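Everything numeric in this text was worked out from a predicted model, so none of it was measured. Side chains included, hydrogens not; waters and symmetry mates left out as well; all remaining heavy atoms used.
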Amino acid sequence: RDWSVTGVQTCALPIWPAFVLLILPAALAAQQPALTLDAVLTRVRANIAEFQTSVPNFAVDESIDSQRILGGKVKEETRIQSSFRITSTAPGTDSHEKRTFNTIDGKPAKSGQKVNPPYTFNGGFASVLGMLQSECIAYRLADSGSAEAGKIVILFSPKPAFADHPACTAKSYQGKAVIDPASFRVLRLEHRQEDDDWGKIPHFPFVEVISNRNVDTWSVEYAPVTLGDKVFWLPKQVVSTVTDKAKPLSLRYQADYSNYHRFTATVSISAPNPPSSPE
């Protein structure tokens with residue numbers, strides 16, 4: 001049959017079976033190149049570096065719960081509500097942390113009051129992100145579990161000392177990073193280490209302390225926070241637990257963060273008094 005119209009040759013469009021239309025998206029997706037470890041680390045490290053050099057001074061509300069648990073029962077607990085500030089003289093320089101206690105165990109904190117919770121964990125902010133930037137750490141991609149479905153998972157552990165990097169002598173541990181596949185931001189960091197040396201912790205009289213046979217774990221969850229006109233991924237929750245393997249004793253620390261806002265110091269300069277005129 002002649003399908004020509006005013007001299008232009010045309011043809012009938014084929015009708016694709018329904019099952020072909022269904023499998024086309026899956027086939028196209030299968031042709032996409034799989035992410036490599038180097039590609040993921042490059043994007044993640046670029047985001048971390050950008051964060052470290054551009055995050056402004058900020059303040060955040062902090063809620064801390066510190067516990068000493070013996071035989072499954074809480075033997076000692078301290079609850080703290082505080083204002084936490086991180087400042088630096090310029091983005092990318094060493095930051096300074098300052099915590100102002102607002103309430104302790106539900107009571108207003110006194111000026112200069114000393115607080116000795118059962119257990120304290122430090123470093124939950126940007127410092128732990130350095131674990132994804134180190135030449136002393138070995139990384140590998142892993143399958144995501146049900147809790148991380150659709151996310152990128154990186155497992156990591158320390159390298160042994162080697163000729164080019166003799167300083168790589170960290171104790172054995174295992175770590176996991178959960179990465180958002182769209183933004184390549186860190187959603188969660190996890191760390192597990194066994195038999196850490198707790199001899200550095202003061203042994204208070206009549207108080208059970210963690211022995212050197214222990215399991216030490218911590219995790220940091222990050223969430224997007226807007227500071228000024230820019231979004232940064234900052235800690236939402238930090239949890240750290242130390243469990244003694246030789247006796248029914250554990251320490252637990254949880255800090256939750258909310259109400260992030262830029263911190264700016266206001267400086268007012270008053271004009272000097274005009275000189276008095278001679279009489």
- [ ] Kindly give the heavy-atom pair with the smallest separation between Gln81 and Ser63, and that separation in Å.
- [x] NE2-OG, 3.0 Å
Task: Whether Lys247 side chain and Val209 backbone form a donor-acceptor pair below 3.5 Å - done: yes
Open item on the list: Keeping Tyr222 on the side-chain end and Phe232 on the backbone end, is there a donor-acceptor pair under 3.5 Å?
Closed with: no
Spatial distance of atom [atom1] ([X]) from atom [atom2] ([Y]) [nearest 0.5 Å]:
{"X": "Leu70", "Y": "Leu251", "atom1": "CG", "atom2": "CG", "value": "10.5 Å"}
{"X": "Gln193", "Y": "Thr217", "atom1": "CD", "atom2": "OG1", "value": "11.0 Å"}
{"X": "Thr241", "Y": "Trp218", "atom1": "OG1", "atom2": "CH2", "value": "13.0 Å"}
{"X": "Leu187", "Y": "Lys236", "atom1": "CG", "atom2": "NZ", "value": "11.0 Å"}
{"X": "Asn214", "Y": "Ser250", "atom1": "CG", "atom2": "OG", "value": "11.5 Å"}
{"X": "Leu41", "Y": "Leu35", "atom1": "CG", "atom2": "CG", "value": "11.0 Å"}

Open item on the list: Angle between ring planes, Tyr253 versus Tyr119, binned at 30° and 60°: parallel, tilted or perpendicular?
Closed with: perpendicular
Task: Ring geometry between Phe156 and Tyr139 (parallel below 30°, tilted from 30 to 60°, perpendicular above 60°) - done: tilted
Heavy atoms, side chains only, cut-off 4.5 Å: are [X] and [Y] in contact?
{"X": "Lys75", "Y": "Leu249", "value": "no"}
{"X": "Lys245", "Y": "Val215", "value": "yes"}
{"X": "Asn102", "Y": "Ser83", "value": "yes"}
{"X": "Tyr257", "Y": "Val225", "value": "no"}
{"X": "Asp216", "Y": "Ser240", "value": "yes"}
{"X": "Leu155", "Y": "Gln174", "value": "no"}
{"X": "Arg99", "Y": "Glu97", "value": "no"}
{"X": "Ile137", "Y": "Met131", "value": "yes"}

Using the rule that Ile, Leu, Val, Met, Phe, Trp and Tyr join whenever any side-chain heavy atoms are under 4.5 Å apart, tell me whether [X] and [Y] fall into a single cluster.
{"X": "Leu37", "Y": "Leu129", "value": "yes"}
{"X": "Leu132", "Y": "Val153", "value": "no"}
{"X": "Ile69", "Y": "Val239", "value": "no"}
{"X": "Leu227", "Y": "Ile86", "value": "yes"}

Open item on the list: Working note: Gln133 + Gln52, criterion side-chain contact (heavy atoms from CB on, under 4.5 Å); need CA distance, chi angles, decisive distance, verdict.
Closed with: CA-CA 12 Å; Gln133 299 171 298; Gln52 292 170 335; 3.5 Å; yes
Open item on the list: Taking NZ in Lys230 as the centre, count heavy atoms belonging to other residues, nucleotides or ligands within less than 6.0 Å. Is the count above 12?
Closed with: yes
Task: Lys/Arg-Asp/Glu bridge criterion (N-O < 4.0 Å) met for Arg192, Glu190 - done: no
Task: Test: Lys176 and Glu148 ion pair at under 4.0 Å - done: yes
Task: Full working for side-chain contact (heavy atoms from CB on, under 4.5 Å) between Phe184 and Ile152 - done: CA-CA 9 Å; Phe184 289 88; Ile152 300 171; 3.8 Å; yes
Task: Polar contact flag, side-chain donor to acceptor under 3.5 angstrom, Ser211-Asp244 - done: yes
Task: ring pair (Phe, Tyr, Trp, His ring centres under 6.0 Å) partners for Trp233, two or more places apart - done: none
